[in-house]
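Here the structure is laid out as structure tokens; the discussion comes afterwards.
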Amino acid sequence: MYALADCNNFYATCERIFHPQFSSKPIIVLSNNDGCVIARSQEAKDLGIRMGQPVFQCRDVIRKNNVVVCSSNYALYEDMSRRVVSSILHFIPEVEIYSIDEVFFDLTPVADCDLEIFCRKIQSTVLKWTGIPVSIGIGPTKTLAKLANRVAKKDSLAGSVYRFPVRDLDRRRVLAATPIDEIWGIGRQWAKRFKQVGVDTAWEVVQMRTADIRSHFNVTVMRTAMELSGIPCENIESNPAQRRSLVRSRSFGRMVTRWEHMSQAIASHAIRAAEKLRSEGGVAGRLAVFIQTNRFRKDLPQYCVSGSCELLPPTNTTPVILKEAAAIGHGLWKEGFQYKKAGVMLSEISFGETQSTLFSDRDHEHDAKLMQVMDLINVKMGSDTLHPAASGVDRRSWSMQQGSRSPRYTTRWDELPKTS
DNA sequence: TCTGGGGTCCTAGGACCC
DNA sequence: TCTGGGGTCCTAGGACCC
């Protein structure tokens with residue numbers, strides 16, 4: 001049996017923990033640049049504020065209902081997430097961290113216990129230790145655990161923990177009550193295709209012949225269908241597969257029209273990407289840079305391009321990546337457009353021993369030492385304490401906007417919560 | 001005026017090989 | 001008039017997830 005623990009309204013809950021005065025108010029958290037709504041408390045959901053909705057579209061609702069608006073604070077959410085996971089690890093030896101607010105685990109080690117009572121114990125402990133309410137779904141496959149989790153959240157009788165039923169009749173009832181587009185792995189496009197062939201619920205998916213699903217869809221959808229009928233196709237991945245690519249990108253706070261600013265932004269993304277790669281001990285064999293205008297401004301000329309180059313030998317050295325990124329970016333740059341976004345992608349990532357090259361003029365030992373010192377200083381004194389000048393000193397003309405970010409209460413000494 | 005960021009997997013089609 | 005069969009590798013694009 002599998003379980004999925006999912007934090008309720010995670011980002012909104014994190015904000016509330018440190019601002020108890022918001023506990024009864026509707027509260028939303030915005031994406032980077034304060035653009036879209038990416039998390040809502042129950043009260044905000046009840047007001048009809050949609051997930052992913054641009055915030056300017058719901059200004060009226062926000063004003064009329066005194067909705068509390070927060071910029072996103074990932075330093076805080078990531079640290080709270082870590083605390084939730086370590087609380088769960090007190091009960092179960094291995095978990096799969098599926099996302100910042102979801103954890104899968106295998107219940108085989110505790111098969112003798114009453115699984116619901118066991119999960120309720122986890123639930124109450126996480127709440128006590130972190131302040132975060134979690135809902136837990138239990139099922140014979142990950143897809144069914146996910147489905148059970150949805151019931152745990154919606155059904156007030158479930159009390160935040162729900163086990164997918166064993167009896168055929170109950171099984172059928174729960175599956176029939178699950179609309180096609182709420183199944184994990186079935187998004188908008190597949191849901192549309194299912195509806196076209198007259199399939200609207202999870203129960204109807206289970207009734208289909210696998211061969212028919214395979215021919216109408218693909219193997220991913222077929223696996224989902226099998227999981228719905230109780231045949232596991234996915235295991236718990238407690239050792240996450242090593243990453244294959246890494247992206248750092250941001251929309252600009254204001255439109256960028258000068259190469260000077262664009263080059264700073266590209267440099268800054270390249271620096272962050274290389275830093276992240278080093279922190280994981282990888283090297284990249286390919287580098288790509290992209291720049292874009294604002295796709296929502298149909299009235300403005302659009303320009304959306306990317307370029308890439310091989311990194312030989314594969315590297316994680318900032319100056320090397322920086323130099324290549326600047327060259328690619330400069331090749332893409334065209335005057336006369338208003339740019340909205342830029343980013344850097346590292347791919348063909350490998351770990352451990354890598355093939356060297358005969359004709360390199362770089363002193364790799366020296367590079368490694370330099371990067372180590374730079375990373376050490378930035379970890380100790382705060383990120384960006386030491387950085388190449390290419391990313392600029394005054395970044396106001398392109399850096400993102402965050403009107404109301406809460407302090408990084410749990411990860412910065414100078415932002416600790418104060419009591420009086 | 002204002003619209004996020006970061007990933008994975010699968011498939012089809014083209015280039016190329018013998 | 002009539003022009004094969006069987007592979008691999010790479011890339012772009014589409015789907016999904018949070």
Side-chain angles (χ1 to χ4, degrees), chain A residues 4-7 9-11 28-39 49-60 62 69-74 77-78 81 96-104 142-143 146 149-150 180-194 214-224 227 233-234 237 240-255 269 272-273 276-277 280 285-286 288 290 292-300 304 306 308 310 338 340-349 400-403 405:
Chain A
L4 170 66
D6 188 324
C7 302
N9 310 325
F10 183 54
Y11 297 170
I28 58 175
V29 178
L30 306 184
S31 60
N32 280 321
N33 246 334
D34 292 343
C36 297
V37 178
I38 54 166
I49 299 174
R50 297 194 316 275
M51 180 67 178
Q53 189 173 22
V55 67
F56 71 86
Q57 285 176 4
C58 41
R59 285 260 180 252
D60 280 351
I62 291 171
V69 178
C70 305
S71 300
S72 39
N73 182 350
Y74 288 102
Y77 311 149
E78 277 164 14
S81 169
E96 172 184 342
I97 300 171
Y98 177 67
S99 76
I100 195 165
D101 67 339
E102 288 166 288
V103 174
F104 277 108
K142 285 168 85 174
T143 303
K146 186 96 178 171
N149 190 285
R150 178 178 159 274
I180 186 80
D181 50 3
E182 290 192 26
I183 299 167
W184 186 42
I186 308 295
R188 256 220 305 270
Q189 301 304 318
W190 291 136
K192 209 161 88 187
R193 293 261 283 275
F194 268 114
R214 185 68 185 87
S215 64
H216 281 92
F217 303 90
N218 66 13
V219 297
T220 321
V221 176
M222 194 181 79
R223 281 200 281 265
T224 296
E227 287 237 320
C233 303
E234 308 272 350
E237 303 289 348
Q242 286 172 321
R243 75 157 74 240
R244 310 176 66 165
S245 66
L246 189 165
V247 174
R248 281 296 173 270
S249 72
R250 284 283 178 283
S251 299
F252 302 128
R254 284 185 244 159
M255 299 278 216
H269 298 322
R272 297 218 178 289
K276 180 76 181 169
L277 187 57
E280 297 179 2
R286 186 148 209 97
F290 61 87
Q292 313 175 344
T293 48
N294 188 342
R295 65 197 163 103
F296 295 104
R297 292 291 300 271
K298 305 293 182 202
D299 54 323
L300 295 175
C304 226
S306 68
S308 68
E310 190 182 7
Q338 298 191 37
K340 182 59 182 171
K341 188 176 179 179
V344 165
M345 178 192 251
L346 295 170
S347 54
E348 291 171 27
I349 291 175
M400 69 174 173
Q401 295 183 348
Q402 286 205 307
R405 202 199 67 213

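Chain identifiers are assigned alphabetically (A, B, ...) following the order of the sequence lines, protein sequences preceding nucleic acid strands; residue numbering begins at 1 within each chain.
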A:S81 versus A:F10, closest heavy-atom pair with distance: N-CZ, 3.7 Å

Side-chain heavy-atom pair A:S72, A:Q402 within 4.5 angstrom cut-off: yes

Near-strand residues of residues 50-60 of chain A, defined as heavy-atom separation under 4.0 angstrom from DNA chain B: A:P54, A:F56

Residues forming a ring pair (Phe, Tyr, Trp, His ring centres under 6.0 Å) with A:F290, sequence neighbours excluded: none

Check: A:F252 main-chain N/O paired with A:K340 side-chain donor or acceptor under 3.5 Å: yes

Sugar-phosphate, base or nothing in reach of A:S72, heavy atoms under 4.0 Å: nothing

Side-chain touch A:I349/A:L246, heavy atoms, less than 4.5 angstrom: yes

Sugar-phosphate, base or nothing in reach of A:N32, heavy atoms under 4.0 Å: sugar-phosphate

Chain A contact limits on DNA chain B, taken 5' to 3' with a cut-off of 4.0 angstrom to heavy atoms: B:dC2 to B:dT11

Touch class at under 4.0 angstrom, heavy-atom based, for A:R297 against every strand present: sugar-phosphate

A:E227 side chain vs A:E234 backbone, donor-acceptor pair below 3.5 Å: yes

Sugar-phosphate only, base, or nothing, as touched by A:K276 at under 4.0 Å among non-hydrogen atoms: nothing

Flag side-chain contact, heavy atom, 4.5 Å: A:N149 against A:E102: no

A:K276 side chain near A:R243 side chain, heavy-atom distance below 4.5 Å: yes

Degree of bending, the helix from B:dG5-C:dC18 to B:dC18-C:dG5 (end axes from five pairs; round to 10°): 10°

Touch class at under 4.0 angstrom, heavy-atom based, for A:L30 against every strand present: nothing

Verdict with supporting geometry, A:V221 and A:R193, side-chain contact (heavy atoms from CB on, under 4.5 Å): CA-CA 11 Å; A:V221 176; A:R193 293 261 283 275; over 6 Å; no

Over 12 foreign heavy atoms within 6.0 Å of CD1, A:I100: yes

Those residues that, when tested against A:W190, pass ring pair (Phe, Tyr, Trp, His ring centres under 6.0 Å) (two or more places apart): A:F217

Residues touching DNA chain C, which here means a heavy atom under 4.0 Å, drawn from residues 184-194 of chain A: A:W184, A:G185, A:I186, A:G187, A:R188, A:Q189, A:W190

Rounded P spacing from C:dC18 to B:dT3 in Å: 25 Å

Euclidean distance, A:C58 SG relative to A:R50 CZ, rounded to 0.5 Å: 8.0 Å

Residue mapping more 5' on DNA chain B - nearest nucleotide basis, A:N294 or A:T220: A:N294

Touch class at under 4.0 angstrom, heavy-atom based, for A:D34 against every strand present: nothing

Touch class at under 4.0 angstrom, heavy-atom based, for A:I97 against every strand present: nothing

Touch class at under 4.0 angstrom, heavy-atom based, for A:R272 against every strand present: nothing

Parallel, tilted or perpendicular: ring planes of A:Y77 versus A:Y11, cut at 30 and 60 degrees: parallel

Given DNA chain B, 5'-ward residue of the pair A:K340 and A:R243, judged by closest heavy atom: A:K340

Minimum side-chain heavy-atom gap A:W184-A:R150 below 4.5 Å: no

